[in-house]
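In what follows, a single structure is set out as structure tokens and then discussed.
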Amino acid sequence: MMENSDSLVVVAILIYFIAVLTIGFIYAKRSNSSASEYFLGGRKVGPWFTALSAEASDMSGYLLMGLPGLAFFTGAGEAGWTAVGLAIGTYLNWRFVAKRLRRYSVVANDSITLPGFYSNRFHDSKNIVGTIAAVIILLFFCVYTGSCFVTCGKLFHTLFGWDYSVMMVFGALIVFLYTMVGGYLSVVATDFVQGCLMFFALLVVVIGSIAMAGGVQATAAFLSDIPGFLSATSVATPLLDESGAQMAMDGTPLFDDPTPFGVLTIISTLSWGLGYFGMPQVLVRFLGIRSEEEVKQSRIIAVVWVVISMLAAVLIGLIGRKALPMLLGGAVTSSSAESIFIMLSQVMLPAFMCGIVVSGILAASMSSASSYLLITGSSVAENIFRGIFKKNATDEQVLIVSRITLTVVLLFGILVAWNEDSVIFTVVSYAWAGLGASFGPLTLFSLYWKRTTKQGAIAGMLTGAATVLIWHNFVKPLGGVFGIYELLPAFLLSCLAIYVVSKLTPTPSQGILADFDRYENHDVSKERNMEVVLEDGMTLND
């Protein structure tokens, strides 16, 4: 029988579920009026919604579970450098990509999807570039979506002991429902709410955990005694038994000598930031902002949100080692460590407040999953179905294919998430590398180098994706210098492939070069879209 405290937690989570579903249905009519509205909100989203939806969709379950879990298990080294890399990548992406991509996407035949932009950028009438991009998105987003569903299952299993698989599927269906019904505007609006909730949850838990651990000085003294735990140049090494659980003596976790964290490893970890240049869930927000003049405001909001949120996430993992050194009566493994945020919330907060705070975890995973579903659906429907198989397809037919794709991705995501021992940070890192290496170099070359050719674009995408798959599965296990994060070598090889192949192939046509010149010299003030759909939490036009 459910205890009263558990009932209050459930009530708080149900309120959250009702809120996101309501938002989905509110925007259903408008979003289904056309493919452009459904996939991109008609390019009418204001700076606050753009910024918070971009970061909420980016920061999936790894922000509230993966990153704190990594810090809890191995200390500040890897988690800290990863956070620094992501913060730098966030700023650079908003600074050097956002405004240019928004502008060029309009020049490139008013592209409403990322694969569509790549095809239109190179006047690819056969849509080869867009099709390859859509297939890559489908491949890696199935894995990415699965990581979000893992978060939902772990949350309910940790809180109430409920069956992991049942709750994982339940969370997946909620995301699927409001994404299918409401489209881009629904996703952006719910992301805004979820971004605020995630921010609030992180601040509440980090402040509460400091008090619970006995203050800053007591916590720092305790953590300093763990070899390498607070070091920036080494990683703490938990002593593990045969099952992979950390050993303890009289309730105190045991650690071996720390593992050195050299310059190459730091560079490898910082390379997480390179992934931003190719993240479709972030880049599509750049396409959808109503005016490039508002990108600067969005950039400030996004960077402040990211820096504070990731700092709090890492601190929660570190402080958690003092507050709950062996978690709540369970074995500490790399997977169970990712529940530290949930357990701290359970211990130190009243039941209803705990429910509100842990809804932040649902917010993190659901905001990301909804973006992955929508982007995959739009890529397949717009760039494969309408781009290749039925060029005269109506918007209604495109939306039907999109929803069929959403269903397929949902099922594959559930399959990926079926193993409850999946480590969220590991799953996310793999998909992040695949997308970042496939699209990051191509995005930068497309925006900054006029001489980039269609053949170079294809070579870059295929090289990036293939390198991630090969490096992760066959090269990285060799260790040593080959143990670096696969995104770094894949990104560099993709850049090299684009440059070399573009140089070896004929100069782009005069039409492509003219588009590039028009995009670079474009006067944005003449095309500012003054219609406001989402701004400051209000719908101003119907």
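Just so it is clear, the values below take in all heavy atoms, side chains as well, and ignore hydrogens, waters and symmetry mates.
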Which atom of P441 lies closest to which atom of G436, heavy atoms considered: CD-O, 3.5 Å
From NZ (K296) to CZ (R95), nearest 0.5 Å: 9.0 Å
Quick one: do the S446 and T452 side chains pair a donor with an acceptor below 3.5 Å? no
Look up atom CG in L67 and atom OG in S309, then write down how far apart they are to the nearest 0.5 Å. 11.0 Å
One pair to check against side-chain hydrogen bond (donor to acceptor under 3.5 Å, both in side chains): H123 and N109. What are the steps and the verdict? CA-CA 9 Å; H123 292 196; N109 200 29; over 6 Å; no
Could you walk me through whether L447 and Y519 satisfy the side chain to side chain contact (heavy atoms under 4.5 Å, CB included) test, starting with their C-alpha distance in whole Å, then the side-chain angles of each, then the deciding distance to 0.1 Å, before giving a yes or no? CA-CA 9 Å; L447 297 177; Y519 133 76; 3.7 Å; yes
Presence of salt bridge, E292 and K99, under 4.0 angstrom: no
Validation row: L283, P280 side chains within 4.5 angstrom (heavy atoms): no
With no hydrogens and no angle check, is any side-chain donor or acceptor of R43 less than 3.5 Å from a backbone partner on I289? no
Report the relative orientation of the aromatic rings in F277 and F491; use parallel for angles under 30°, tilted for 30 to 60°, perpendicular for over 60°. tilted
Got a sec, which residues hit ring pair (Phe, Tyr, Trp, His ring centres under 6.0 Å) with Y276, two or more places apart in sequence or on another chain? W432
Taking atom CZ of F122 and atom CD1 of I458, what is their separation to the nearest 0.5 Å? 9.0 Å
Between the main-chain N or O of V106 and the side-chain N or O of D110, is there a donor-acceptor pair closer than 3.5 Å? no
Please say which of L203, L202, V204 ends up in a side chain to side chain contact (heavy atoms under 4.5 Å, CB included) with V357. V204
Would you indicate whether the side-chain heavy atoms of M353 and S345 approach each other to under 4.5 Å? no
Applying salt bridge (charged side-chain N to carboxylate O under 4.0 Å, His left out), which residue pairs with at least one partner in residues 381-390 are found, sequence neighbours left out? E382-R386, R386-D395
Take T22 and I18 through the side chain to side chain contact (heavy atoms under 4.5 Å, CB included) test and state the conclusion after the steps. CA-CA 6 Å; T22 301; I18 293 170; 3.9 Å; yes
Whether the side chain of N120 engages the backbone of G116 through a donor-acceptor N/O pair (distance < 3.5 Å, no angle test) should be reported. yes
Is there side-chain contact between V45 and R290, with at least one heavy-atom pair below 4.5 Å? no
Apply the test side chain to side chain contact (heavy atoms under 4.5 Å, CB included) to residues T376 and L406: give CA-CA distance (whole Å), side-chain angles for both, the deciding distance (0.1 Å), then the verdict. CA-CA 7 Å; T376 308; L406 293 184; 5.9 Å; no
Given E55 and W94, is the side-chain hydrogen bond (donor to acceptor under 3.5 Å, both in side chains) satisfied, shown in steps? CA-CA 11 Å; E55 302 316 317; W94 279 96; 3.0 Å; yes
Any sub-3.5 Å donor-acceptor pair from T463's side-chain atoms to G460's backbone N or O? no
Given the options S378, S438, S379, I137 meets side chain to side chain contact (heavy atoms under 4.5 Å, CB included) only with S379
Under 3.5 Å: donor-acceptor pair, side chain of S271, backbone of L274: no
Would you give the length of the straight line joining atom CD of E294 to atom CD1 of I301, rounded to the nearest 0.5 angstrom? 10.0 Å
Closest non-hydrogen atom pair between K391 and S125, with its separation: NZ-O, 3.6 Å
Check: W48 and S298 side chains under 4.5 Å, non-hydrogen atoms: no
Can you find a pair of side-chain heavy atoms, one from M198 and one from L63, that are under 4.5 Å apart? yes
Minimum heavy-atom separation for A51 and A302, please, with both atom names. CB-N, 4.0 Å
Would you say the ring centroid of Y485 lies under 6.0 angstrom from that of W272? yes
Heavy-atom nearest pair, A437 first then S494, reads O-OG, 3.3 Å
Check the pair R451, S502 against side-chain hydrogen bond (donor to acceptor under 3.5 Å, both in side chains), reporting the backbone distance first and the verdict last. CA-CA 7 Å; R451 181 65 174 77; S502 292; 5.5 Å; no
What one should report as the nearest heavy-atom pair of A393 and V398 is CB-CG2, 4.2 Å
Do F49 and R285 have side chains that approach each other closer than 4.5 Å (heavy atoms only, starting at C-beta)? no
Considering all heavy atoms of both residues, which atom of A465 and which atom of I136 are nearest to each other, and what is their separation? CB-CD1, 4.2 Å
Flag this pair as yes if the NZ/CZ of R121 is under 6.0 angstrom from the six-membered ring centre of Y104 and inside a 45 degree cone about the axis; otherwise no. no
Separation of R299 CZ from T50 OG1 (nearest 0.5 Å): 14.0 Å
Taking the side chain as every heavy atom from C-beta outward, state whether L270 and V84 have any pair of such atoms under 4.5 Å apart. yes
Identify, with sequence neighbours excluded, every residue that meets side chain to side chain contact (heavy atoms under 4.5 Å, CB included) alongside A133. P115, Y118, F439, M461
What distance do L197 atom CG and I356 atom CD1 have between them, rounded to the nearest 0.5 Å? 7.0 Å
Salt bridge check: are E520 and R100 linked by an N-O gap of less than 4.0 Å? yes
Could you walk me through whether F385 and T405 pass side chain to side chain contact (heavy atoms under 4.5 Å, CB included), step by step? CA-CA 11 Å; F385 175 67; T405 306; over 6 Å; no
Please answer whether the main-chain N or O of A108 pairs with a side-chain N or O of S111 as donor and acceptor at a distance below 3.5 Å. yes
If you apply the rule side-chain hydrogen bond (donor to acceptor under 3.5 Å, both in side chains), what do you find for N383 with T131, and how did you get there? CA-CA 6 Å; N383 303 110; T131 299; over 6 Å; no
Is Y91 close to V306 at the side-chain level, that is, under 4.5 Å between some pair of heavy atoms? no
